[in-house]
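This report refers to the structure that appears directly beneath it.
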Amino acid sequence: MSKEEPFIAVIDYGAGNIRNVMKAIAYVGLPAKLTKNPTEILSADGVVIPGVGAYKSAMDKIHANQLLEPIKKAAKLGKPILGICLGMQLLFDSSTEFGETKGFGLIPGEVVALPANEGYKVPQMGWNQNNITIKNVLTRGIENEYTYFVHSYYVKTSDQYIAASVDYGVKVPSIVIKDNIIGAQFHPEKSGEVGLRVWQAFADMVSDKAVLI
Amino acid sequence: MALAKRIVPALDVKNGRVVKGVNFLNLQDVGDPVDTAIAYQNAGADELVFLDISATLEGRSTMIDMIERVSSAVFIPLTAGGGVTDLESMRAIIQAGADKVFLNSAAVSNPELIRQGAELFGSQAIVGAIDSKWDEIEQKHRVYVSGGTKATSLETTNWAKKMVQYGVGELLVTSMNTDGTKNGYDIALYQELDKIINVPIVASGGAGKLSDFSAVFKSGHVDAALAASVFHYGEIEIADLKKQLHSEGMVMRL
């Protein structure tokens with residue numbers, strides 16, 4: 001693949017569901033490379049952190065593969081970074097899942113268990129409706145739309161980073177943004193046409209066809 | 001706001017082909033799983049379930065190939081299963097792109113399989129499938145295995161509870177009393193399950209008309225309703241169904 005052609009590095013740390021993420025990126029027309037090679041991560045135009053599974057074992061694998069530094073460096077260089085589901089949660093300071101585990105620390109906030117409120121089963125598994133609080137290229141396509149969630153933990157963070165949220169007894173951030181760092185709690189690769197709009201917007205950011213406004 | 005109620009078309013698959021004719025689609029080749037899945041996605045299906053009825057190993061490998069092709073073209077959750085007896089086939093199904101795999105008979109003979117699957121892939125990826133029939137003499141719901149051909153001594157709600165304890169993240173419960181009748185879902189069964197089960201429940205068996213869905217959501221309190229023939233034969237359009245349920249006050253993804 002030539003250097004001029006933009007591509008997305010999908011972080012390979014043994015998370016599940018990677019195939020579906022790769023397919024969604026391919027569907028919106030950008031090459032994606034599954035990689036744990038720091039040089040490759042830093043030469044990519046955008047980085048995706050997929051994720052299904054548990055916080056601690058994910059962080060253990062990130063450390064074992066020495067992936068934290070290249071991801072942080074890519075973030076510092078201003079490359080669009082997108083974390084999906086657990087991948088979004090990893091962007092924050094820490095999680096209380098199986099004791100306290102430190103995350104990437106790219107966005108202030110912590111990951112806590114969804115409360116088992118009356119009428120709200122845990123995990124949240126299914127389609128929930130997005131309320132947009134910050135309108136931009138990423139959130140415009142999901143305004144009032146349903147997207148597909150599967151998770152037992154959610155992010156507690158300052159409102160300034162919450163671009164979209166869903167109501168699940170508590171306010172669950174569904175899109176978080178801090179500068180070039182983006183997280184989606186739902187699975188855009190499993191949210192039908194609406195989810196593909198998110199992938200398209202991210203691909204447009206990566207290939208410099210769109211900016212986050 | 002609660003989650004949207006899910007409408008789930010089910011597709012029987014044999015040797016990598018959709019069988020039991022899907023004829024509302026006007027497809028040139030009705031058995032093509034990719035075209036069928038895309039059509040259902042575009043019609044508004046919230047999720048798809050693939051039931052593998054292949055009896056051979058070769059059938060299983062074409063099933064894997066099918067899931068790979070479907071998941072490249074369809075971007076809604078996919079559940080697959082049928083005859084899954086070990087971790088290796090669970091892994092193959094999930095790696096091919098299915099979000100969830102369901103276990104039925106194999107879980108009855110070896111419940112540890114649920115725990116192992118949940119540990120490896122997460123509870124959200126493991127669905128407990130139960131075929132249940134009302135036992136008139138003993139006045140209880142009884143679990144059947146091997147495609148509904150063999151009765152077990154298990155009582156349905158007890159077994160459902162056990163499956164959750166072993167780690168399933170969702171239950172897909174088919175009532176053999178109502179399956180194929182088109183006379184409505186087995187509301188009483190889902191009411192019983194609702195009292196003790198805290199994972200999402202997918203109702204299956206008996207859908208014939210729009211009001212059957214309404215009843216199973218409102219009275220049966222299920223999270224999702226699965227149906228096959230009413231969708232395959234175009235007797236119920238998914239978009240119409242969801243609009244109707246929405247107008248009755250249910251949360252639907254329109």
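Every chain is numbered from 1 and lettered A, B, ... according to where its sequence line falls, protein lines coming before strand lines. Only heavy atoms go into these numbers, but all of them, side chains included; no hydrogens, no water, no symmetry mates.
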| note | Greatest number of non-hydrogen atom pairs under 4.5 angstrom with chain A, of Gln124(B), Gln41(B), Lys5(B), falls to Gln124(B)

| task | Residue by residue, scan residues 78-90 of chain B and write down, ordered by number, those that have a heavy-atom distance under 4.5 Å to chain A; if none do, write 'none'. | result | Leu78(B)

| field | Choice from Ser71(B), Ala96(B), Ala125(B) maximising heavy atom contacts with chain A below 4.5 Å | value | Ser71(B)

| message | Closer than 3.5 angstrom, by distance alone: can the side chain of Lys190(A) be matched with the main-chain N or O of Phe75(B) as a donor-acceptor pair? | response | no

| What is the distance from atom CD of Glu145(A) to atom CG of Leu254(B), rounded to the nearest 0.5 Å? | 10.0 Å

| task | Measure Asp46(B) against the heavy atoms of chain A and call it side chain, backbone, both or neither at under 4.5 Å. | result | both

| task | Would you check if Val251(B) and Trp127(A) make a side-chain contact, meaning some heavy-atom pair closer than 4.5 Å? | result | no

| Between Lys121(A) and Val199(B), is there a donor-acceptor pair closer than 3.5 Å when you use the side chain of the first and the backbone of the second? | yes

| field | Contact leader toward chain B among Gly192(A), Ala26(A), Ser191(A), where contacts are heavy-atom pairs under 4.5 Å | value | Gly192(A)

| Among Gly122(B), Ala73(B), Pro200(B), residue most engaged with chain A (heavy-atom pairs, under 4.5 Å) | Pro200(B)

| query | Measuring heavy-atom distances to chain A, does Asn42(B) have an atom under 4.5 Å in its side chain, in its backbone, in both, or in neither? | reply | neither

| Is it the side chain or the backbone of Arg6(B) that comes within 4.5 Å of chain A heavy atoms, both, or neither? | side chain

| said: Counting neighbours of CD on Glu112(B) that are heavy atoms of other residues, nucleotides or ligands and sit closer than 6.0 Å, is the number greater than 12? | reply: yes

| field | Shortest non-hydrogen contact between Glu68(B) and Lys23(A), atoms and distance | value | O-NZ, 3.2 Å

| message | So which atom in Tyr146(A) and which in Ala4(B) form the shortest heavy-atom distance, rounded to 0.1 Å? | response | CE2-CB, 3.9 Å

| request: Report yes if the side chains of Met125(A) and Asp223(B) come closer than 4.5 Å at any heavy-atom pair, otherwise no. | output: no

| request: Could you pull out the closest heavy-atom pair between Ala2(B) and Tyr120(A), with the gap in Å? | output: CA-CE2, 4.4 Å

| query | Do you know which of Pro77(B), Ser123(B), Gly97(B), Gly169(B) has the most heavy-atom pairs with chain A at a distance under 4.5 angstrom? | reply | Pro77(B)

| message | If I take atom CD1 from residue Ile94(B) and atom CG from residue Asn20(A), how far apart are they, to the nearest 0.5 angstrom? | response | 11.0 Å

